[in-house]
Amino acid sequence: QVRLVESGGGLVQAGDSLRLSCAASGRSFSGDDMGWFRQASGKAREFVAAVTGSGGITEYADSVKGRFTISRDNAKNTMYLQMNSLKAEDAAVYYCAAGYRVIRWRSGSAYDYWGQGTQVTVSS
């Protein structure tokens, strides 16, 4: 059974850092594009970042560019999101997603697999 499981969320203060992990199981995801999305309370889900299977190409939402870093370790079948200089507006449930040869990285419907989400709360 293919699964994506996020971890690493929590309560932090504005300016702090967190690292989220997305552990994949069931098969290798080294050939899949993977991404992070988030959904704040009462708001639509939004794209955060994405990375190719090799990890060589990344893309970020303007709101997180320069603060967040997406990476992956295919040997561990795991993707990460390093979040620095967190702001109150970064608070949301963060989801990881995976898909094979995703064309529109910023579109959630382009991904085939999703995790259950991990909560990030930022106090100001």
Side-chain angles (χ1 to χ4, degrees):
Q1 181 181 4
V2 173
R3 291 186 66 197
L4 299 179
V5 179
E6 302 95 335
S7 61
L11 171 63
V12 296
Q13 293 186 332
D16 285 352
S17 298
L18 270 179
R19 189 177 82 154
L20 305 183
S21 298
C22 172
S25 61
R27 66 167 176 82
S28 171
F29 279 80
S30 61
D32 291 59
D33 298 329
M34 298 187 75
W36 288 98
F37 288 76
R38 66 187 182 187
Q39 186 167 20
S41 180
K43 296 187 178 181
R45 181 179 62 192
E46 65 174 356
F47 169 80
V48 175
V51 61
T52 52
S54 67
I57 300 175
T58 59
E59 184 173 320
Y60 296 92
D62 288 344
S63 59
V64 306
K65 200 172 294 183
R67 299 187 298 121
F68 290 11
T69 302
I70 189 171
S71 63
R72 62 191 298 166
D73 183 341
N74 287 335
K76 296 181 178 179
N77 224 18
T78 300
M79 176 180 65
Y80 305 97
L81 184 68
Q82 178 67 43
M83 305 187 294
N84 297 331
S85 303
L86 282 161
K87 304 176 181 180
E89 52 263 43
D90 294 319
V93 177
Y94 283 71
Y95 299 90
C96 66
Y100 184 67
R101 293 185 178 179
V102 174
I103 295 176
R104 297 177 61 191
W105 277 5
R106 296 173 182 252
S107 173
S109 62
Y111 296 82
D112 301 311
Y113 304 101
W114 288 85
Q116 83 291 345
T118 186
Q119 177 74 51
V120 172
T121 304
V122 183
S123 64
S124 56

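Only a predicted model underlies this, so the values are computations on that prediction, with no experimental measurement involved. In what follows, residues are counted from 1 in the order of the sequence shown.
Between the OG atom of Ser30 and the CZ atom of Arg72 there is a distance of 7.0 Å, given to the nearest 0.5 Å. The distance from atom OG1 of Thr52 to atom CE of Met34, rounded to the nearest 0.5 Å, is 12.0 Å.
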Show me the side-chain donor-acceptor pairs of residues 10-19 shorter than 3.5 Å, one per line, residues at least two apart or across chains.
unit_1, atom_1, unit_2, atom_2, d
Asp16, OD2, Gln13, N, 3.1
Ser17, OG, Asn84, OD1, 2.9

For a quick test of your reading: what N or O donor-acceptor pairs under 3.5 Å do the side chains of residues 1-9 make, sequence neighbours left out?
unit_1, atom_1, unit_2, atom_2, d
Glu6, OE1, Gln116, N, 3.0
Glu6, OE1, Gln116, NE2, 3.4
Glu6, OE1, Gly117, N, 2.8
Glu6, OE2, Cys96, N, 2.8
Glu6, OE2, Gly117, N, 3.2

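Contact detail for Ile70 and Met79: the closest heavy-atom pair is CD1-SD, 3.8 Å.
Applying the salt bridge (charged side-chain N to carboxylate O under 4.0 Å, His left out) test to Lys65 and every residue at least two apart in sequence or in another chain returns Asp62. For Ser109, the side chain to side chain donor-acceptor pair (under 3.5 Å) partners are Ser107, not counting sequence neighbours. Phe29 meets the ring pair (Phe, Tyr, Trp, His ring centres under 6.0 Å) test with Tyr113; sequence neighbours excluded. For Ser25, there are no side chain to side chain donor-acceptor pair (under 3.5 Å) partners at least two apart in sequence or on another chain. With sequence neighbours left out, Ala40 forms a side chain to side chain contact (heavy atoms under 4.5 Å, CB included) with Lys43, Ala92.
Residues in residues 21-31 take part in these salt bridge (charged side-chain N to carboxylate O under 4.0 Å, His left out) pairs, two or more places apart or across chains: Arg27-Asp32. A salt bridge (charged side-chain N to carboxylate O under 4.0 Å, His left out) check over residues 44-58, counting only residues at least two apart or in different chains, returns the pairs Arg38-Glu46. Sorted by first and then second residue, the pairs that involve residues 99-118 and meet salt bridge (charged side-chain N to carboxylate O under 4.0 Å, His left out), not counting sequence neighbours, are Glu59-Arg106. For the ring pair (Phe, Tyr, Trp, His ring centres under 6.0 Å) condition, no pair includes a residue of residues 48-81, sequence neighbours left out.
When hydrophobic residues (I, L, V, M, F, W, Y) are linked wherever their side-chain heavy atoms come within less than 4.5 Å, the members clustered with Val93 are Phe37, Phe47, Ile57, Tyr95, Val102, Trp105, Tyr111, Trp114.
The shortest distance between side-chain heavy atoms of Met83 and Asp90 does not fall below 4.5 Å.
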